Amino acid sequence: MAKFYITTPIYYINAVPHIGHAYTTIVADVFARWHRLRGEDVFFLTGLDENSVKTVQAAKEQGFTDIQAYADSLAKLWIEAWKLLGISYDDFVRTTQERHRRNVYELFKRIKERGDIYKGVYEGLYCEGCEAYITEDELVDGKCPLHQKKPKRVREENYFFKLSKYRDKILGHIESNPGFIQPEARRNEVVSFIKGGLKDVSITRPKIEWGIKTPDDPTQTIWVWFDALCNYLLPQDYWPADIHFIAKDILRFHCIVWPGMLLSAGYELPKRIFAHGFLTVERKKISKSLGNVIDPAYLVEKYSADVLRYFLIREVSFGQDGDFSERSLRTRLNDELADVLGNFVHRVLTFTRDRFGGEVPEGKLDKKFEAETHERVQKIEQLLEKLKVSQALEELMTIAKRGNEYFQSCKPWEAIKSEPEKAASCLLNCANLVKVLCVALAPFMPSTSANLAKQLGVKVTSWEQARQFDLKPGHQIGKPSVIFTKVEANNLGSKVR
Ligand code: ME8
């Protein structure tokens with residue numbers, strides 16, 4: 001059985017997730033579900049990066065003296081959020097777990113045995129927001145442009161990793177594997193960074209209490225990025241990862257430091273790294289100080305997880321930056337989900353119930369319509385193969401749109417009186433289209449797909465089912481009910497925390 005190993009970043013726990021974290025995790029979930037539906041042996045890993053100074057700062061701010069107790073309370077909230085969003089991860093790693101520490105030690109040991117770790121002095125700037133060393137020329141107005149914070153000036157005696165030794169190998173790998181880093185703009189960014197010169201990196205820090213101590217030298221703590229990246233090796237049997245999903249903010253760690261560590265330790269490199277863009281809220285950077293950090297739980301409660309999943313995937317062209325606004329979410333819910341998808345499905349199911357006693361009628365399959373649908377499903381597959389997830393969802397919606405047109409042009413409510421066979425055939429074909437939609441929706445909107453499956457009286461077990469019009473006359477459907485309810489403009493609110 002083909003294996004498919006997919007990851008998200010492991011997130012910092014200085015706060016609960018916001019829609020940016022939800023976005024990466026939802027996209028990864030869509031792919032995990034799609035590959036499972038295709039019968040592959042999928043492993044989907046997500047988790048939390050807990051050994052950061054940010055954890056300690058947040059714990060203190062919230063009055064915790066026991067940092068681990070703070071981490072446990074936050075982990076509970078992240079796990080709850082992913083449950084609400086329907087995230088089907090196979091394992092959830094927390095870097096304070098013992099299994100993770102062992103994993104980090106193993107990698108450290110291998111790299112050390114290679115002769116790639118040495119002691120040196122780091123003198124310069126450290127941004128606690130990035131959890132990374134930063135150079136003078138990266139600063140804007142004396143601050144880290146990403147975190148708007150002044151970095152700390154440090155002089156530390158640390159252990160260094162000989163990253164520069166792997167410069168040519170990393171560059172060679174990127175150049176001979178065009179799909180390794182995606183999208184292309186990110187790949188070019190990494191290439192030019194490497195060409196600009198690659199320095200060794202410090203991989204331990206002194207005087208840091210919270211974190212994993214360095215093997216054989218407890219005065220040093222392992223740098224949180226070295227520590228965090230090791231998480232991906234946890235399901236050893238699944239390595240190399242088929243895709244690491246990240247955003248552009250952590251590109252260099254994943255595309256340069258991580259490959260360097262793996263090459264040194266003698267592991268294969270991940271197959272693909274996809275760095276998507278950044279989400280803003282109402283065109284503003286998501287930030288606590290701006291007060292626009294939207295809790296996904298609020299949106300789930302108000303609109304449902306599937307509506308949020310649909311919106312984020314459909315709205316943001318995967319790879320580009322995108323914007324979140326509740327107004328646009330409502331427009332997509334009303335105009336696309338309710339008016340197009342929900343309307344089509346409901347018309348077909350209620351007509352079947354009211355005019356055919358809930359049985360898919362006897363009729364003629366429309367081969368042209370079936371072939372055209374099949375082509376669209378194939379297009380969705382091709383787009384998903386290329387990680388073009390927003391276009392895939394767009395294509396899926398054209399199937400529903402086409403369904404509405406088909407129903408409208410057959411006019412079964414008129415035909416039923418004068419040409420009952422025509423009405424019956426229309427419904428046979430439309431019921432099959434609803435089934436195709438139900439299957440194709442499963443990776444994107446799992447609850448909606450399950451709801452539709454129940455209404456249709458089918459079980460979704462394989463993606464193959466999206467390729468066939470195999471719903472037979474006489475098939476008994478379940479009880480139809482509305483799948484999407486419109487939300488009116490005056491019901492707009494914006495709960496933020
Ligand atoms: O960087 N738009 O954790 P992190 C889109 N612990 N995606 C966003 C986003 C936004 N506005 N904000 C965050 C770390 N993300 C490290 C990772 S991995 C070995 C260690 C998402 O909590 C996006 O996936 O800062 C981004 O790369 C990630 O959260 C950063 O999460």
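The figures that follow rest on heavy atoms only: side chains count, while hydrogens, waters and symmetry mates do not. A quick note: this is a predicted structure, and the numbers were derived from the prediction, not measured. All ligand and atom numbering here is 1-based and tracks the order in the structure. By convention here, the first residue in the shown sequence is residue 1.
Take F245 and apply the ring-ring contact (aromatic ring centres under 6.0 Å, His included) test, not counting sequence neighbours, and it matches F31, F318.
No option in Y133, W223, Y159 other than Y133 meets the side chain to side chain donor-acceptor pair (under 3.5 Å) test with S202.
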Once you restrict both partners to nitrogen or oxygen, which atoms of ligand 1 have a protein partner under 3.5 Å, and how far apart are they?
{"unit_1": "ligand 1", "atom_1": "2 (N)", "unit_2": "L279", "atom_2": "N", "d": "2.8"}
{"unit_1": "ligand 1", "atom_1": "6 (N)", "unit_2": "I10", "atom_2": "O", "d": "2.8"}
{"unit_1": "ligand 1", "atom_1": "6 (N)", "unit_2": "D49", "atom_2": "OD2", "d": "2.7"}
{"unit_1": "ligand 1", "atom_1": "7 (N)", "unit_2": "G20", "atom_2": "O", "d": "3.3"}
{"unit_1": "ligand 1", "atom_1": "11 (N)", "unit_2": "L279", "atom_2": "O", "d": "3.1"}
{"unit_1": "ligand 1", "atom_1": "22 (O)", "unit_2": "Y12", "atom_2": "N", "d": "3.0"}
{"unit_1": "ligand 1", "atom_1": "24 (O)", "unit_2": "T24", "atom_2": "OG1", "d": "2.7"}
{"unit_1": "ligand 1", "atom_1": "27 (O)", "unit_2": "A247", "atom_2": "N", "d": "3.0"}
{"unit_1": "ligand 1", "atom_1": "27 (O)", "unit_2": "D249", "atom_2": "OD1", "d": "2.8"}

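The list of ring pair (Phe, Tyr, Trp, His ring centres under 6.0 Å) pairs with a residue in residues 174-206, not counting sequence neighbours, reads H173-F180.
Residues A400 and L341 approach most closely at CB-CD1, 3.9 Å, considering heavy atoms.
In terms of modelled atom types and a separation under 3.5 Å, the side chain of S390 and the main chain of V316 share a donor-acceptor contact.
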Please tabulate, one pair per line, all N/O donor-acceptor pairs under 3.5 Å involving side-chain atoms of residues 305-314, not counting sequence neighbours.
{"unit_1": "D306", "atom_1": "OD2", "unit_2": "S447", "atom_2": "N", "d": "3.1"}
{"unit_1": "D306", "atom_1": "OD2", "unit_2": "T448", "atom_2": "N", "d": "2.6"}
{"unit_1": "D306", "atom_1": "OD2", "unit_2": "T448", "atom_2": "OG1", "d": "2.6"}
{"unit_1": "R309", "atom_1": "NE", "unit_2": "F444", "atom_2": "O", "d": "2.8"}
{"unit_1": "R309", "atom_1": "NH1", "unit_2": "D29", "atom_2": "OD2", "d": "2.9"}
{"unit_1": "R309", "atom_1": "NH1", "unit_2": "L85", "atom_2": "O", "d": "2.9"}
{"unit_1": "R309", "atom_1": "NH1", "unit_2": "G86", "atom_2": "O", "d": "3.3"}
{"unit_1": "R309", "atom_1": "NH2", "unit_2": "D29", "atom_2": "OD2", "d": "2.7"}
{"unit_1": "R309", "atom_1": "NH2", "unit_2": "P443", "atom_2": "O", "d": "3.1"}
{"unit_1": "Y310", "atom_1": "OH", "unit_2": "E336", "atom_2": "OE1", "d": "2.4"}

